[in-house]
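Residue numbers run from 1 in the order of the sequence given. What you see below is based on every heavy atom in this structure, not just the backbone, and it leaves out hydrogens, waters and symmetry mates.
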Amino acid sequence: MNTERKRKSKLKHTLTIIFLMISLIGIISISSRVTTFVDAPSLVLIILLTCPILILADSFGDFIRGYKIAAGNLEYTLKELKASKNAVDLCIKLVYISSVIGVITGFISILQYLDDPSSIGPSIAVCILTIFYAFVINLVQHGVSAKIAKEIIYREQ
């Protein structure tokens with residue numbers, strides 16, 4: 001892949017991510033304040049439950065490579081492409097599972113404080129934000145997985 005093509009590919013990916021972020025912020029700001037959608041513990045929970053399993057499966061390096069491939073670095077073997085696709089697909093599943101664990105944990109917390117109605121609303125918001133983060137993260141990951149799958153198809157022909 002020549003330098004000009006790499007540069008255009010990186011620019012395209014950067015603009016796509018910027019557009020995605022602006023779209024999400026725009027959609028969120030229409031219905032409420034953007035800060036309402038910020039909850040670090042929900043995001044940390046997803047990361048802390050997902051990364052160790054990727055490491056345990058010996059797929060973390062393949063996962064990182066998958067994002068490099070999606071960014072336009074296609075100088076990998078077919079075997080490496082397939083390993084990266086598997087790692088990204090595993091991560092997609094793990095993020096969904098992590099979000100469900102976060103929701104269950106949040107609902108247990110809600111049940112503990114049923115006698116205090118003022119704490120129920122924020123606790124429900126945290127549960128829902130965990131699912132929201134999982135869907136946003138996996139929105140990007142599905143794109144990465146599709147890009148790798150496309151490269152695999154081109155290489156196998």
Single-linkage hydrophobic cluster, 4.5 Å side-chain cutoff, [X] and [Y] together:
X      : Y      : result
Phe135 : Leu94  : yes
Leu90  : Ile101 : no
Ile148 : Leu139 : yes
Leu111 : Ile128 : yes
Ile64  : Leu56  : no

When rounded to the nearest 0.5 angstrom, what distance separates [atom1] in [X] from [atom2] in [Y]?
X      : Y      : atom1 : atom2 : answer
Gln141 : Ile137 : CD    : CD1   : 7.0 Å
Tyr133 : Ile47  : OH    : CD1   : 10.5 Å
Gln112 : Leu114 : CD    : CG    : 9.5 Å

Between Ser59 (side chain only) and Ala57 (backbone N and O only), is there a donor and an acceptor less than 3.5 Å apart?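 Present.
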Checking Thr130 side chain against Val126 main chain: does a donor-acceptor pair fall under 3.5 Å?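 At least one qualifying donor-acceptor pair exists.
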Heavy-atom distance under 4.5 Å between the side chains of [X] and [Y], does that happen here?
X      : Y      : value
Asn86  : Asp62  : no
Phe60  : Cys51  : yes
His142 : Lys147 : no

Is any side-chain N of the basic residue among Arg155 and Glu151 closer than 4.0 Å to the acidic one's carboxylate O?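 Between Glu151 and Arg155 there is a salt bridge, with a charged N closer than 4.0 Å to a carboxylate O.
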Check Lys68 with Glu80, please: is the shortest side-chain N to carboxylate O separation under 4.0 Å?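 A salt bridge is absent here (no side-chain N lies under 4.0 Å from a carboxylate O).
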Which heavy atom in [X] sits nearest to a heavy atom in [Y], and how many Å separate them?
X      : Y      : value
Ile69  : Tyr76  : CG1-CD1, 3.5 Å
Val144 : Gly66  : CG1-O, 3.6 Å
Cys91  : Asn138 : O-OD1, 4.4 Å
Thr50  : Ile46  : OG1-O, 2.7 Å
Val103 : Cys127 : CG2-O, 3.3 Å
Ser123 : Ser109 : OG-OG, 4.3 Å

Could you walk me through whether Ile53 and Leu49 pass the side chain to side chain contact (heavy atoms under 4.5 Å, CB included) check? CA-CA 7 Å; Ile53 304 300; Leu49 292 176; over 6 Å; no
Walk me through whether Tyr67 and Val140 qualify under side chain to side chain contact (heavy atoms under 4.5 Å, CB included). CA-CA 10 Å; Tyr67 275 81; Val140 173; 4.2 Å; yes
Atom CG of residue position Asp58 - does it have more than 12 heavy atoms of other residues, nucleotides or ligands inside 6.0 Å?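 Not more than 12 within 6.0 Å, no.
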Is a side-chain donor-acceptor pair under 3.5 Å present for Asp89 with Ser145?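 Their side chains do contain a donor-acceptor pair, which is all the 3.5 Å distance test asks for.
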